[in-house]
Amino acid sequence: MKKPTYYLWRDDYATQEEYINEKKRYTRMGFRVVTFIDGPKDRDINEGIKAVIKNHISDYCR
């Protein structure tokens, strides 16, 4: 069975320790945690994921 994914934005946490504790919390609940460390957090997550996929595909289609 695949683990569900939970997305975190690094900028939401004032310290590295707060971020690590939150990441551990979701990991213990069974999530695979993906962290975004760049970009505005109010941007639609789906647009960001589409951009990553588009860039990834264009790298391999050359």
Side-chain angles (χ1 to χ4, degrees):
M1 177 186 253
K2 287 185 170 183
K3 292 182 178 183
T5 303
Y6 193 85
Y7 298 95
L8 295 176
W9 277 261
R10 176 61 184 91
D11 293 343
D12 285 346
Y13 305 96
T15 66
Q16 181 74 10
E17 185 178 347
E18 288 178 18
Y19 160 72
I20 290 171
N21 289 337
E22 192 73 2
K23 182 177 178 180
K24 285 180 182 178
R25 183 171 79 102
Y26 285 106
T27 302
R28 284 192 304 265
M29 287 192 283
F31 287 94
R32 179 177 66 101
V33 178
V34 174
T35 304
F36 292 97
I37 57 173
D38 196 10
K41 58 188 165 195
D42 59 342
R43 178 179 274 166
D44 182 14
I45 186 99
N46 294 315
E47 293 303 316
I49 293 170
K50 287 177 189 176
V52 168
I53 293 169
K54 182 179 177 184
N55 289 339
H56 181 74
I57 289 172
S58 67
D59 286 346
Y60 289 97
C61 293
R62 291 181 191 183

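These numbers were taken from a predicted model, which means no experiment stands behind them. Note that these values count all heavy atoms, side chains included, but never hydrogens, waters or copies made by symmetry.
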| said: With a 6.0 Å cut-off (strictly less than), is the heavy-atom count around CD of Q16, excluding the residue itself, greater than 12? | reply: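 Enclosed: over 12 neighbouring heavy atoms sit under 6.0 Å from CD of Q16.
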| query | Among all residues two or more places apart in sequence or in another chain, which pass the side-chain hydrogen bond (donor to acceptor under 3.5 Å, both in side chains) test with E18? | reply |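 E18: no side-chain hydrogen bond (donor to acceptor under 3.5 Å, both in side chains) contacts found.
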| request: Verify the cluster assignment for V34 and M29: are they in a single hydrophobic cluster under the rule of side-chain heavy atoms below 4.5 Å apart? | output: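 In one cluster with V34: M29, no.
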| Interatomic distance, Y19 atom OH to K24 atom NZ [nearest 0.5 angstrom] |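 Result: 11.5 Å between the selected atoms.
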| request: Output the distance between atom OG1 (T27) and atom CD1 (I20), rounded to the nearest 0.5 Å. | output: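 The CD1 atom of I20 is 11.0 Å from OG1 of T27, to the nearest 0.5 Å.
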| Please walk me through it: do R10 and L8 pass side chain to side chain contact (heavy atoms under 4.5 Å, CB included)? | CA-CA 6 Å; R10 176 61 184 91; L8 295 176; over 6 Å; no
| field | Closest non-hydrogen atom pair, G30 against P4 | value |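 Residues G30 and P4, closest heavy atoms: O-CD, 3.7 Å.
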| Aromatic plane relationship, F31 with Y26 - under 30° parallel, 30 to 60° tilted, over 60° perpendicular |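 Y26 and F31: perpendicular rings.
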